[in-house]
Amino acid sequence: MKQFLFILAVLVFISGCGPGDFETLSKKADENLGVGNIESALKIYERIVSEHSEDPKSAAVCIQIAKIYSSLKNNDAMALNLYERVMQKYPMTPSGRIAFEQHARIMESRGDFDAAAGNMISLMKYFPEKKDIYAVLLAGFYIAAKKYPEARMEIAPMFKKKGLSEDILEAAAFTYAESYFIEGKISEAKVWLQTFIREFPKSKLAAEARLHLATTLEEMGKLGAAKRVILSADEYPNQGVLDARISSIDDRGARPVKSKIEEPKTEKGADFNGSR
């Protein structure tokens, strides 16, 4: 009997030192994380990745570890390594998609917009069903990298695409107009900002578009028109910004306006409607 108990004890010890069951370890790690035992959870997650490195399910665990390092331990370098591991090994999985997106987020925060753009190109390749969303994000990274023509090249085809969702079209249209505004091409920015306001008057981005349109008009010396546009942006969340802009325009000699609404008059050729 004593010999049997001894053998049983040895077996338990050996099994405890060997590879753990994936599901059991995952549950234990999740429980530790849930009660705030971050270090304990991290050790178990890292054990899972070490012992089950060839299991595709380990990709999701790598993502969890990366999030802990990035958000709770302020260690983006470790998070990037983990995301890159998943990107290379499981690019076409849900975890791969998250890895590309989060890697891009960190690279954007570091000012490496080219790397972030590269991630969007990969996402467009691996997840074609979400290509339009990633194309808009790619254009945004191109704008941040001052690659304005490239940004517009990504978006322009969307205006001719049938069946594009209204939300994506709205985001694409605003990004397209912003590319001209940020580049400093005032005339083109004016046209496309006016078009955006006309086509998406109830958009959450409409107030921002009006402020930028007012800037283009002000740069052109059309102070009265600029003031009317600002006054029409009453849905803008920061009234202080509007007041400061109006005061600035008044200081430059704008005449009092009788109406706060000015319907945008769009030059021929500016059109987002091809996809509708």
Side-chain angles (χ1 to χ4, degrees), residues 15-145 147 151 154 165 167-168 171-172 175:
S15 65
C17 293
D21 175 71
F22 189 102
E23 300 300 335
T24 301
L25 290 174
S26 294
K27 183 178 179 181
K28 187 176 181 181
D30 292 343
E31 289 172 351
N32 274 274
L33 187 63
V35 296
N37 293 333
I38 297 171
E39 294 300 331
S40 296
L42 192 56
K43 287 180 181 178
I44 300 172
Y45 285 134
E46 289 175 336
R47 178 184 171 187
I48 294 171
V49 171
S50 175
E51 295 179 358
H52 301 273
S53 59
E54 298 306 312
D55 189 330
K57 292 182 293 185
S58 67
V61 180
C62 283
I63 297 296
Q64 184 69 281
I65 297 171
K67 288 180 178 178
I68 291 173
Y69 274 113
S70 181
S71 62
L72 301 178
K73 298 177 74 69
N74 295 317
N75 189 339
D76 281 344
M78 182 65 75
L80 286 172
N81 288 335
L82 288 158
Y83 288 137
E84 287 165 7
R85 173 177 175 170
V86 177
M87 288 157 58
Q88 293 167 9
K89 203 166 185 178
Y90 305 105
M92 301 177 69
T93 66
S95 293
R97 178 178 59 79
I98 295 171
F100 278 110
E101 291 175 349
Q102 293 302 313
H103 191 280
R105 178 187 61 79
I106 294 175
M107 299 314 290
E108 179 188 19
S109 71
R110 293 182 167 195
D112 192 342
F113 304 115
D114 287 330
N119 283 358
M120 294 303 107
I121 293 171
S122 295
L123 285 164
M124 291 167 68
K125 173 184 176 182
Y126 293 127
F127 302 92
E129 70 279 7
K130 295 181 178 292
K131 183 177 180 179
D132 294 326
I133 296 173
Y134 293 127
V136 175
L137 294 173
L138 172 59
F141 289 132
Y142 278 149
I143 291 172
K147 296 180 177 181
E154 290 298 328
S165 77
D167 288 344
I168 294 176
T175 303

Taking atom NZ as the centre, does Lys89 end up with more than 12 heavy-atom neighbours from other residues, nucleotides or ligands that are less than 6.0 angstrom away?
yes

What distance separates Leu137 CG from Leu123 CG, expressed to the nearest 0.5 Å?
9.0 Å

Counting only N and O atoms by type, is there a donor-acceptor contact under 3.5 Å from the side chain of Ser40 to the main-chain atoms of Asn37?
no

Shortest non-hydrogen contact from Met87 to Ala99?
CG-CB, 3.7 Å

Going from CG on Leu138 to CD1 on Ile121, what distance comes out if it is rounded to the nearest 0.5 angstrom?
5.5 Å

Nearest-0.5 Å distance, OH of residue Tyr83 to NZ of residue Lys67:
6.5 Å

Measure the CD1-CD distance between Ile68 and Glu39 for me, rounded to the nearest 0.5 Å.
9.0 Å

From Gln64 atom CD to Tyr69 atom OH, the distance as rounded to the nearest 0.5 Å
12.5 Å

Distance-only, no hydrogens or angles: does the Ser70 side chain make a donor-acceptor pair with backbone N or O of Ala66 under 3.5 Å?
no

Under the side chain to side chain contact (heavy atoms under 4.5 Å, CB included) criterion, do Arg110 and Asp76 qualify, and how do the steps go?
CA-CA 10 Å; Arg110 293 182 167 195; Asp76 281 344; 3.9 Å; yes

For the backbone of Met107 and the side chain of Asp112, can you confirm whether one donor and one acceptor N or O come within less than 3.5 Å of each other?
no

Using every non-hydrogen atom in the two residues, find where Ala104 and Met120 come nearest and quote the distance to one decimal.
CB-CE, 3.6 Å

Indicate the atoms forming the closest heavy-atom contact of Val49 with Ser58, along with that distance.
CG2-O, 4.3 Å

How many angstroms lie between atom CD of Glu46 and atom CG of Leu25, to the nearest 0.5 angstrom?
13.0 Å

Answer whether the closest heavy-atom distance between the side chains of Tyr126 and Thr93 falls below 4.5 Å.
no

Report the residue from Gln102, His103, Arg105, Glu108 that forms a side-chain hydrogen bond (donor to acceptor under 3.5 Å, both in side chains) with Asn119.
His103

Search all heavy atoms of Ala41 against all heavy atoms of Leu33 and return the closest pair with its distance.
CB-N, 3.6 Å

Are the charged groups of Arg97 and Glu101 less than 4.0 angstrom apart, N to O?
yes

In the structure I gave you, are the side-chain heavy atoms of Ser95 and Tyr90 within less than 4.5 Å of one another anywhere?
no

With no hydrogens and no angle check, do the side chains of Glu154 and Tyr134 hold a donor and an acceptor under 3.5 Å apart?
no

How about Leu82 and Ile63: do any of their side-chain heavy atoms sit closer than 4.5 Å?
no

Donor-acceptor check, side chain of Ser109 to backbone of Ile106, threshold 3.5 angstrom: yes or no?
yes

Hey, is NZ on Lys130 packed in by over 12 heavy atoms from elsewhere, all under 6.0 Å?
no

